[in-house]
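When a ligand or atom number is given, it counts from 1 through the structure's own listing order. Because the structure is a prediction, the values reported are computed rather than measured.
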Amino acid sequence: MSGITLPFDQYVLKVHSRCDLACDHCYVYEHADQTWRSRPNVMSVETAILAAKRIAEHVKQHDVSTIHVVLHGGEPLLAGHDRLAEIVTLLREQLDGLCHLNLAIHTNGVTLDEKFCDLFTENGVKVGISLDGDKIANDRHRLFRNGRSSYQQVIQAVSLLRARPEIYAGLLCTIDVANDPIKVYDALLSLEPPRVDFLLPHATWEDPPPRPSATAYADWLIAIFDRWHAGGRPIPVRLFESIINTTHERSSLSEAIGLEPSTLVVIETDGGYEQVDSLKVAFDGAPATGFDLAGSSLNEVARHPGVQARQRGLQGLSATCQKCPVVRSCGGGLYPHRFREDSFDHPSVYCADLLALITHVQDHTTMTNHGLPPSTFDALAAGYGGAEDIEALARSQASIQRMIIASVPERPAAAWELLVQADRTDPAALRTVLAHPYVRVWAASRTHGGYLANVAAAAAYRAGIDAKILVQVLGGSVHLPTVGTFDDVTGDSATLVIEGGSTWIDGPATPLTEVRRLDAGGFSVLLEDRDPSRDCHQWPAAAKLGKTDFDAWHGCFSLAWQLIESDYPEYAPGLRAGLSTIMPLAPAPAGKDVSSTARHAFGAVAAALPADPATLALLLIHEFQHVKLGAMLDMFDLYDESDSTLYHAPWRDDPRPLEGLLQGTYAHIAVSDFWRARLTGPERVRAHEQYVLWRAHTARAIETLASSGRLTSFGERLVGRMRETVASWESGPGSSPA
Ligand code: SF4
């Protein structure tokens, strides 16, 4: 084999070859390869200069636009502040301007301090921390040489990073199936990482992992996947996202699975080039290439048979893997894990786990499992959707909501029992409460867990169940979603009594103030100005409305709804089926209309009271598009979430991420339509101007989306339907100036 198949764009720089921990699962020190013993402890400045120059040479030769350099070890922080500063500066000097340089460091965090954080902040170095979960999980392996726990130091390091989100890359957790997976996941989630990755412990067929059951690792990961998926995927989890991505034929984002060729090379502290680091588990010297910085270019390393073996995609896999139904997602697993009897031509030692995990993830993330008929998808994708289509979205949201509620940690037993009783006595009453938009916002936020009692009490009250239950007091009030609020309550909790269709607080409190509704003759929505979770929008929530403000809202909504019913028959049935709540925002600056939706608040539109009913009608139609698309995004992967490219949105000065552009385009179909319907009315001059403007913006944005190359097949189908909608306006009134 000759020639370079792909240039390297991922570099692991071993800046220190020793570690201050003695983790017994570490592949550097505790497995077959022992070459670390003969290497210098720290990468010298001379070696770092050579490394930076070799990388720059390779970037220039192959015109690589983006590279990733990870400072690694051993423990890279042991290189010290000064040496790390020198290495980072050298890399920036050689590479900035040549390509986009993503710099990161993977550390155990034990010696991370403010000075390191200053260095990383100044130089744009993202920090990933190894942490195996809660203290029990972490202390199972990640100990100092004298057996002392490293947990507190690592948590301290994570605290430093949480204060500097711009350099906090995430947490890397090595799996031990002896740990409770949910406790591990919850512990990691509580540290607010921007990303988590779960790593299978390095092993081979010759040295297999501890395995209490045939699919112990899949079972462990599936427990976390179910929790993560039910919780609305609150943070990116790389392994799960890799499976979802590869299922939709997108980049796996990881060497661990997928068929993408490896473009990674390791540079050791002594300047030696090595193949992927985890090969150290296979046999002594397995990662070696025999090349080093002084004597060889990266092109020579790229021609090494070991490097090329990891670039052969499907052809590079064993016969068993090539016939496997999940091979496009799995890719035979991590290369070193395939090692058996002097060869890598085998499935992974984790084969059974990978098959079970990938099948489970695919079963839970593809269209057929959402129960949304293709005709409904197409109706919504076109920008519209009738009552039945929105009801289908609402049913899907209800099932997601139940899963999120079920995953709320530390839920009070009495509250759960009351919910179960309400479900048996009057399921519709429970559905109404759980469907309240801000109940999901609360459940997904995982704060004030005792609020489940308030949710249960609201369901019991609506179901006519007598009960006495301890509920949560927030800001001196007890709020029962969809029911109302008691004020002037003292303490953190209070006893709520429901009896004979009445409810009261057993102690000092005002009587119940019921949630108010905005009524437009045959259609009404909740006016939500008390819910404790409502302030989750882009703009601040208004305080509780006085009578004058409420009356103003009532009058404006009533007229706006009349307008929607008379002039917007394509939108009115969907709004009637799905718009449940209006949340008043604090007054907007003069001359500005503000409105918003929140991804978890299905059915709610937040707005500051606009000047006139027509503007409110426009805001409701516009914002409800975001409600619909948000629900579709809960069900479908529409685009490549790993895409960090920013795209021009014709209606904004600043470029937008792909989801922002998609949301804006979908919403502006309705904005264009709003003005299109007014082309023959009394304000036709303004309507014509607005219609031409928004139709042109929307059409341009659709083409940007279509040519992004980052849409999934569902995303392409959605954008195709939007394009058909805009094209269908071509021959109508007002079309020619566009
Ligand atoms: S699941 Fe097993 S057989 Fe299938 S591709 Fe992965 S390692 Fe190969």
Cys330 heavy atoms within 4.0 Å reach ligand 1 at atoms 1 (S), 5 (S), 6 (Fe), 7 (S)
When distances are taken from atom 3 (S) of ligand 1, the protein heavy atom at minimum range is Cys351 SG, 3.6 Å
Ranked by distance from atom 7 (S) of ligand 1, the top protein heavy atom is Ser348 N, 3.5 Å
shortest atom 8 (Fe) of ligand 1-to-protein heavy-atom contact is with Cys321 SG, 2.3 Å
Query raised in the report: Would you find a donor on one side and an acceptor on the other, under 3.5 Å apart, between the side chain of Asp132 and the backbone of Thr174?
Result: yes
Which label fits His58 and Tyr11: parallel for a plane angle under 30°, tilted from 30 to 60°, or perpendicular past 60°?
perpendicular
Would you say the ring centers of Phe636 and Phe377 fall short of 6.0 Å from each other? yes
Atom 4 (Fe) of ligand 1 sits nearest the protein heavy atom Cys324 SG, 2.4 Å
Margin query: Go through it in stages, so that I can follow the logic: the residues are Thr215 and Asp353, the test is side chain to side chain donor-acceptor pair (under 3.5 Å), and I'd like the CA-CA distance, side-chain angles, deciding distance and then a yes or no.
Written below: CA-CA 5 Å; Thr215 54; Asp353 299 289; 5.2 Å; no
Taking the six-membered ring for Trp, are Phe225 and His360 ring centroids under 6.0 Å apart? yes
